[in-house]
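Please read the structure below before turning to the comments.
Note on naming: letters A, B, ... go to the chains in the order of the sequence lines (proteins, then strands), and numbering restarts at 1 for each one. Values in this document were obtained by computation on a predicted structure and should not be read as measured data.
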Amino acid sequence: MKIFEKDDQELLSEEKGFFSKKLQRRNFLQYAGASAAGIALVAAGCKKDDDFSRGLDLGSGDIGILNYAYALEQLEAAFYTQVALTPYTGISSTESGYLTSIRDHEVAHREFFKAALGNSAIPGLQVDFSSINFTDRTSVLGAAKAFEDLGVSAYNGAGYLIKSADYLTLAGKIVSVEARHAALIRDLISNGTFVGSDIIDANALEITRTPIEVLSIAKKYVVTEINASNLPS
Amino acid sequence: MDFIKILKDIETIDPEITDRLNPRRAAIKNITSFGSKVALSSLPFALGTMFKRAYGQTSNTVNDVLNFALTLEYLEADFYTKGNASVVYSTAPAAAQGALTQIAKDENAHVAFLKSVLGTAAVAKPTFNFTNSFPTVFTDYATYLAVAQGLEDTGVRAYKGQAPALLGNKVVLTAALSIHSVEARHASHIRQMRRALSTSGVTNVITPWISLGANGQANDSGVPALDKTFAGEDNKTQGGVDITTLNGAVAGTKISAKAAVECFDEPLTMAAVLDIAKQFIV
């Protein structure tokens with residue numbers, strides 16, 4: 001165990017130099033995207049790799065999985081924060097209440113991971129929501145559905161990679177709330193679609209996704225390059 | 001997945017694999033029945049169980065968890081089977097009927113799946129009675145939904161509570177988590193159905209997630225008989241972090257107590273779940 005701790009320490013110190021370089025780029029992106037309500041627009045032509053072996057290192061072991069969850073919660077929290085800031089046209093008070101509650105849950109998840117990870121936490125990700133029309137209900141709820149279903153499949157698919165029973169329980173405490181969100185969003189889009197053959201198999205088991213599968217879907221919304229190559233598998 | 005190749009690979013390590021498997025007709029039969037009934041994603045599960053059986057090895061802990069899960073799924077499936085054959089279903093709105101039919105189908109699929117996996121180790125289905133504790137459950141729609149919410153939320157907490165017992169078990173833990181989130185989706189929808197009823201002040205505030213009760217109590221269902229189901233759901237401290245000390249969405253605010261309660265679901269121990277379930281078991 002000592003050896004692993006030392007490795008982690010070494011990785012972290014290597015990381016520091018990398019982080020500061022990364023931060024310079026982040027600052028630039030924040031500056032570049034400052035006009036868009038805190039959302040940086042993706043730089044055209046910014047090439048991203050598909051194998052998630054370069055960029056911001058999520059880390060290894062349980063820390064890596066927690067950072068992976070933290071990254072997803074950052075994405076969700078940023079999305080719902082924007083939804084609350086710029087509600088879609090014709091939003092009802094019920095839907096506004098629901099979406100504000102979900103925002104609060106996702107922000108709490110994000111802040112929890114940030115606090116729990118401490119010095120091991122990855123920095124804030126730069127997001128790109130340019131594919132979402134925040135004035136349009138269909139666009140917003142469609143994106144919300146994608147985020148929630150993705151989140152559930154991510155937690156379900158990463159559970160077995162977690163070594164600590166406490167962390168596994170924490171992930172379990174969060175994923176069922178994400179599933180509740182997912183069901184609600186799907187019902188808002190079309191009542192009765194809280195579960196269905198697009199997300200469960202013939203045994204009524206929900207689909208799962210590996211971190212690479214999840215990041216491949218999420219990268220459309222994330223500017224920051226993410227390195228998942230040290231995650232357990 | 002190529003079964004034959006896997007068997008051949010194992011044969012190079014264990015030349016007696018075929019002998020070990022052949023006398024175990026039940027195990028072999030399970031391969032074919034799994035093949036036809038079980039979705040491809042579940043095949044590793046089937047394979048693992050089949051090998052365990054072939055080698056005469058069983059993991060008591062894993063089987064105990066699976067049988068505990070099976071008992072809960074029997075309970076849920078029996079509840080919806082009875083309820084959906086009753087007047088509460090036949091007089092319910094069409095959308096509600098559709099949802100209840102879907103949920104019943106899922107719970108029965110969970111039963112079939114767990115029974116297939118456990119094979120001869122599966123516990124028998126208990127005899128259930130729901131009207132002893134809730135006399136109007138199959139005649140009054142609001143009561144039916146209230147009990148349904150209790151069962152779904154209990155199910156979510158039960159699976160969550162067993163996750164540590166399956167730590168690192170790729171096949172079984174992943175399957176359990178994949179049922180867990182489906183139960184949470186059911187719970188979310190049943191809660192929305194209760195909110196839609198809006199026949200009383202209580203149902204108006206029911207949310208898809210477990211919130212604080214109207215008077216700050218852990219049970220947010222408005223049904224005191226479900227107190228045990230929600231015991232401890234008012235927890236605001238996670239992993240040593242008091243969630244209400246964290247920064248909220250709006251600058252200068254902290255996470256509210258209500259949001260702190262809502263954003264994390266709590267587990268229940270096996271003993272606590274069985275204590276809830278026993279009122280329905282004859």
Short question: side chain of A:His105, backbone of B:Glu262 - any donor-acceptor pair under 3.5 Å?
no
Taking A:Leu205's backbone N and O only, do any of them form a donor-acceptor pair with B:Ser178's side chain (distance below 3.5 Å, no angle check)?
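No, because the side chain of B:Ser178 does not come within donor-acceptor range (under 3.5 Å) of the backbone of A:Leu205.
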Looking at every non-hydrogen atom in both residues, tell me the closest pair between [X] and [Y] and how far apart they are.
| X | Y | result |
| --- | --- | --- |
| B:Leu167 | A:Ile162 | CD1-O, 3.5 Å |
| B:Val182 | A:Ala204 | CG2-O, 3.5 Å |
| B:Asp265 | A:Lys173 | O-CG, 2.8 Å |
| A:Val177 | B:Cys263 | CG2-O, 3.5 Å |
| B:Phe264 | A:Ile174 | CE2-CG1, 3.5 Å |

Going by residue number, which parts of residues 179-196 of chain A are within reach of chain B, meaning a heavy-atom gap below 4.5 Å?
A:Ala179, A:Arg180, A:His181, A:Ala182, A:Ala183, A:Leu184, A:Arg186, A:Asp187, A:Asn191, A:Gly192, A:Phe194, A:Val195
Residue pair A:Val107, B:Ile255: steps toward the side-chain contact (heavy atoms from CB on, under 4.5 Å) verdict
CA-CA 8 Å; A:Val107 167; B:Ile255 306 289; 4.2 Å; yes
Ranked by heavy-atom pairs below 4.5 Å to chain A, first place among B:Ala109, B:Ser181, B:Ala259 goes to B:Ser181
Could you have a look at B:Thr207, B:Ile210, B:Ile243 and say which one has the most heavy-atom pairs with chain A under 4.5 angstrom?
B:Ile210
Which one, [options], leads in non-hydrogen pairs under 4.5 Å with chain B?
| options | value |
| --- | --- |
| A:Tyr160, A:Tyr80, A:Phe112 | A:Tyr160 |
| A:Ala116, A:Ala158, A:Ser101 | A:Ser101 |
| A:Thr100, A:Asp149, A:Val175 | A:Asp149 |
| A:Glu178, A:His109, A:Arg110, A:Lys163 | A:His109 |

Taking the side chain as everything from C-beta on, heavy atoms only, tell me whether [X] gets closer than 4.5 Å to [Y].
| X | Y | value |
| --- | --- | --- |
| A:Ile102 | B:Trp209 | yes |
| A:Lys114 | B:Leu246 | no |
| A:Glu206 | B:Arg185 | yes |
| B:Pro164 | A:Thr169 | yes |

Pair A:Tyr155, B:Leu177 - check side-chain contact (heavy atoms from CB on, under 4.5 Å), show working.
CA-CA 9 Å; A:Tyr155 278 101; B:Leu177 289 172; over 6 Å; no
Report, as yes or no, whether the 6.0 Å neighbourhood of atom OH on A:Tyr167 holds more than 12 heavy atoms from other residues, nucleotides or ligands.
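Not more than 12 within 6.0 Å, no.
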Heavy-atom count around B:Lys105 NZ within 6.0 Å, excluding the residue itself: above 12?
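Count not over threshold, so no.
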By a 4.5 Å heavy-atom criterion (distance strictly below it), what part of [X] contacts chain A: side chain, backbone, both, or neither?
| X | value |
| --- | --- |
| B:Val111 | neither |
| B:Val156 | side chain |
| B:Asn169 | backbone |
| B:Ala249 | both |
| B:Asn235 | side chain |
| B:Leu166 | neither |
| B:His180 | side chain |

Chain B contact via A:Asp104 - side chain, backbone, both or neither, heavy atoms under 4.5 Å
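Both backbone and side chain.
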Which atoms of A:Leu161 are under 4.5 Å from chain B, going by heavy atoms: the side chain, the backbone, both sets, or neither?
neither
Pairing donors with acceptors under 3.5 angstrom, does anything connect the side chains of A:Ser176 and B:Lys160?
yes
First locate atom CD of B:Gln192, then atom OH of A:Tyr98, and finally report the distance between them rounded to the nearest 0.5 Å.
5.5 Å
